[in-house]
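In listed order, ligands and their atoms are each counted from 1. Numbers here simply count residues along the sequence, with the first being 1. These numbers come from the heavy atoms of this one structure, side chains and all, not from hydrogens, waters or symmetry mates.
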Amino acid sequence: MKPRIALLALAIAGSLAITACKREPTPPSAAPGAPAAAPAGETADEFVARVNIEFRTISAELNSAQWLSSTYINSDSEMLAAKANERWLTQLNAWIAQAKRFEGQQLSPETARAIKLIKLMTAMPAPKDPKLLQELTQIATRMEGTYGAGKYCTGSGEATTCRDIGQLSEVLAKSRDYDAQLDAWQGWHTISQPMRKDYIRFADLVNTGAKEMGFADAGEMWRSGYDMSPAELAAESDRLWDQVKPLYEQLHCYARGKLDGRYGKDKGQVAGGMLPAHLMGNLWQQDWGNLWDLLQPYPGAGSLDVNSALQKLADDNLSKELDKPGDRNASEAERTFTAQRAAELATAKAMTVRAQDFYVSLGMPKLPDSYWEKSQFIKPLDRDVVCHASAWDMNMAGDVRTKMCIKPNEEELTTIYHELGHIYYDLAYNTQPPVFQGGAHDGFHEAIGDTIVLAMTPTYLQSVGLVDAQQQSQEALVNAQMRMALAKVSFLPFGLMIDRWRWGVFDGSIKPDAYNKAWWELKAKYQGVAPATARGEEYFDAGAKYHVPGNTPYTRYFLSHVLQFQFYKALCDASGYKGPLYECSFYGSKAAGEKYSAMLSKGASQPWQKTMKELTGGEKMDASAVLEYFAPLQGWLKQQNAGSACGWVSNPA
Ligand code: X8Z
Ligand code: ZN
């Protein structure tokens, strides 16, 4: 996301002041904070050059405001972020209007691409009417703040206890108590009830903005950023889903059998053979990795217990901190508290160093000192923050940061690798003109770090001390594959359904009075997941997933979960690896790193198909690498599921 130029406006106003004895009334376009007018006679190339300058300035301002509002949620930071966003979107609308001058002109491919990208710079197309634009930014900031500050409180008066997303997620991850999980799941879904009204208005406003820009609706605009028509992109996502669906169905069938075994048939599944939403170890059922205790194929075969290693790291750090002399004037309780916080930070940083090490092993640079000073690694205790992990390129010049609330577990560790993928992409394309500083498409951005995660094989994990020595056996292989599948395969239908819902909201086929109904129909259709209790329209369950109030398009993650296997295969090839795909790690391969860096440095400067070809040799997104990778597991699952009636009915009577 990025924003505007005050420089040019100041220059114009300044020259007026010098040539006239009496200062002219300030024209509206030169009002403080207003976008600069386009100079008369500006060529398309000059326009793009100017946007590049203005963009650099305004994006730094917007990023700072948004960083503050995400790391200090309060009414002041919210107001300033909304204001910064308002200025940015006003500036963007001005550029888009100015770009119209060049329609129908013969432009160089580079300039034409830059102008196309300028029109797609935001996922939040804003109406031109300043009042409506202001309303939009206020709603957007409020929804994100509501999500970030979301808590589920029980009890009353003195006995009130409130739990945040981290605590509620932990219940789903660790408790196997049916009711405790249901309570945590339902509790989190109360936080989004107040967002429903805002979201209805939000959808209206972004649609107005999108229509003014010439799109049918905001969803069509979202689908326009893929160097193919919006309809082709939708068809591509269907095609890719069809490729991987049989694999997901096998995993679904296996998981259902295990849940039946643990909770009994009446509770382990819901009508139609669907998986109960609150039992999948994750608030949105997008990653089933936390169910390892239930779903591990061969307990003890191959030791993949990364969580224990991280817990040990945390414990060791705590002992070290407790052993330090500390402040003599502080009470015992205060010293313990200080040691705990220092240990949590040290653990989070050590996990990040571990992730950085992978990138460095490929020949990429260490992260700058400012990264370590300015990032948010752990959850502050004195204020609300948005804990949902994110990566930030603050100024296109090295001020990169991540924002997380890191806990010592495997899921968080892999998320750090994911986030650093964004950061290394940012750093690699910082040499490009600002409008080309983006992913080849947004799915590429999401796939960079996850490609590295695929290379976190048992052998790699052992080599860095995160798991014990590995035994080679068929059982260990199936376990390793299951570990990856619970993160990657379970995600696929979720990655698709979120935007199926939003596309429907934006194109009007999903009406506000059926938001929740449509949400659960899509959950049922794609994921085969259903709530255990009724979810009427008094709820707004879509809003309980960050990317809805945060307005982050989600198809990118679905595409990423296909692309990352293609990238992984290409980097394995580049590293000279010969052997089954699923055992490849290119950790330490400078050849793989060189190939990856070359791709990253291209940013958005050329159609993604070209970038893809340079890396993989092919020009299409294709899930055959997913299937190749999981072939052993798919065969094993088929055997396990033989005799079970797999599949589900998504609209049981
Ligand atoms: O939002 C994220 C990242 C930040 S881009 C943590 N992811 C999606 C999610 O959490 O829902 C990564 C995987 C999917
Ligand atoms: Zn990401």
Side-chain angles (χ1 to χ4, degrees), residues 1 66-67 70 123 144 147-148 165-166 168-169 172-173 188 192 280-290 348 351-352 355 359 375-377 379 385-393 400-407 409-427 438-454 456 484-502 523 526-527 529 541-565 567 600:
M1 272 175 245
Q66 294 199 324
W67 175 267
S70 296
E144 181 150 14
Y147 185 95
I165 187 169
L168 296 168
S169 295
L172 299 196
W188 177 249
S192 51
M280 301 313 295
N282 172 282
L283 283 164
W284 313 278
Q285 314 81 44
Q286 68 183 74
D287 180 332
W288 304 347
N290 290 321
M351 289 164 69
T352 311
Y359 291 87
S375 288
Q376 177 192 293
F377 293 97
K379 187 174 176 3
V385 299
V386 178
C387 275
H388 189 86
S390 54
W392 300 62
D393 181 1
V400 285
R401 307 177 193 173
T402 49
K403 178 183 63 58
M404 291 187 66
C405 300
I406 299 176
K407 294 199 179 145
N409 64 50
E410 180 178 9
E411 201 177 344
E412 299 269 314
L413 183 73
T414 55
T415 301
I416 301 171
Y417 282 67
H418 172 95
E419 294 307 329
L420 291 197
H422 289 305
I423 296 292
Y424 277 101
Y425 210 171
D426 291 339
L427 292 172
H441 69 51
D442 55 9
F444 276 60
H445 228 303
E446 296 305 333
I448 304 308
D450 281 16
T451 301
I452 307 289
V453 171
L454 290 175
M456 295 169 74
M484 230 22 132
L486 293 181
K488 303 289 181 193
V489 179
S490 63
F491 182 82
L492 289 159
F494 181 72
L496 206 58
M497 64 77 45
I498 288 219
D499 280 356
R500 290 291 191 268
W501 184 80
R502 282 189 293 195
K523 297 278 289 178
Y526 288 102
Q527 291 183 278
V529 159
D541 291 327
K545 173 68 193 167
Y546 168 73
H547 301 70
V548 173
N551 196 42
T552 308
Y554 213 82
T555 306
R556 60 182 63 181
Y557 300 105
F558 172 73
L559 300 177
S560 151
H561 277 68
V562 172
L563 286 171
Q564 60 192 253
F565 287 85
F567 296 172
L600 301 183

Trainee: Does ligand 1 have any N/O pairs with the protein under 3.5 Å, and how far apart?
Mentor:
from: ligand 1; atom 1: 1 (O); to: His388; atom 2: NE2; distance (Å): 2.6
from: ligand 1; atom 1: 1 (O); to: His547; atom 2: NE2; distance (Å): 2.8
from: ligand 1; atom 1: 1 (O); to: Tyr557; atom 2: OH; distance (Å): 3.3
from: ligand 1; atom 1: 11 (O); to: Gln286; atom 2: NE2; distance (Å): 3.0
from: ligand 1; atom 1: 11 (O); to: Lys545; atom 2: NZ; distance (Å): 2.6
from: ligand 1; atom 1: 11 (O); to: Tyr554; atom 2: OH; distance (Å): 2.5

Trainee: Which pair of non-hydrogen atoms, one from Asp287 and one from Asn282, has the smallest distance, and what is that distance?
Mentor: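 Scanning both residues completely, I find the closest heavy atoms to be O-CB, 3.3 Å.
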Trainee: With side chains defined as the heavy atoms from C-beta onward, is the minimum distance between Val386 and Tyr546 less than 4.5 Å?
Mentor: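 Yes. Closest side-chain heavy atoms under 4.5 Å.
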Trainee: Just jot down the side-chain hydrogen bond (donor to acceptor under 3.5 Å, both in side chains) partners of Trp288, sequence neighbours excluded, or say none.
Mentor: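 Residues passing side-chain hydrogen bond (donor to acceptor under 3.5 Å, both in side chains) with Trp288: none at all.
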Trainee: Can you name the nearest heavy-atom pair linking Trp67 to Gln376, along with the distance?
Mentor: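 That would be CH2-N, 3.9 Å.
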Trainee: Is a side-chain N or O of Tyr147 found less than 3.5 angstrom from the main chain of Lys545, in a donor-acceptor match?
Mentor: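 No; zero donor-acceptor contacts below 3.5 Å.
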Trainee: Classify the ring geometry of Phe491 against His561: parallel below 30°, tilted from 30° to 60°, perpendicular beyond 60°.
Mentor: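 Because their plane-to-plane angle is under 30°, the rings of Phe491 and His561 count as parallel.
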Trainee: Taking the side chain from Asn551 and the backbone from Ala123, do they hold a donor-acceptor pair closer than 3.5 Å?
Mentor: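 Yes: the side chain of Asn551 pairs with the backbone of Ala123.
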Trainee: Counting no waters, how many protein N/O/S atoms sit under 2.8 Å from the Zn ion (ligand 2)?
Mentor: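 Near the Zn ion (ligand 2), the number of protein N, O or S atoms below 2.8 Å is 3.
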Trainee: Where does the angle between the aromatic ring planes of His441 and Phe444 fall among parallel (under 30°), tilted (30 to 60°) and perpendicular (over 60°)?
Mentor: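 Plane angle over 60°, so perpendicular.
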Trainee: So, using salt bridge (charged side-chain N to carboxylate O under 4.0 Å, His left out) as the criterion, who are the partners of Asp541 when residues are at least two apart?
Mentor: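 For Asp541, the residues satisfying salt bridge (charged side-chain N to carboxylate O under 4.0 Å, His left out) (neighbours in sequence not counted) are Arg535.
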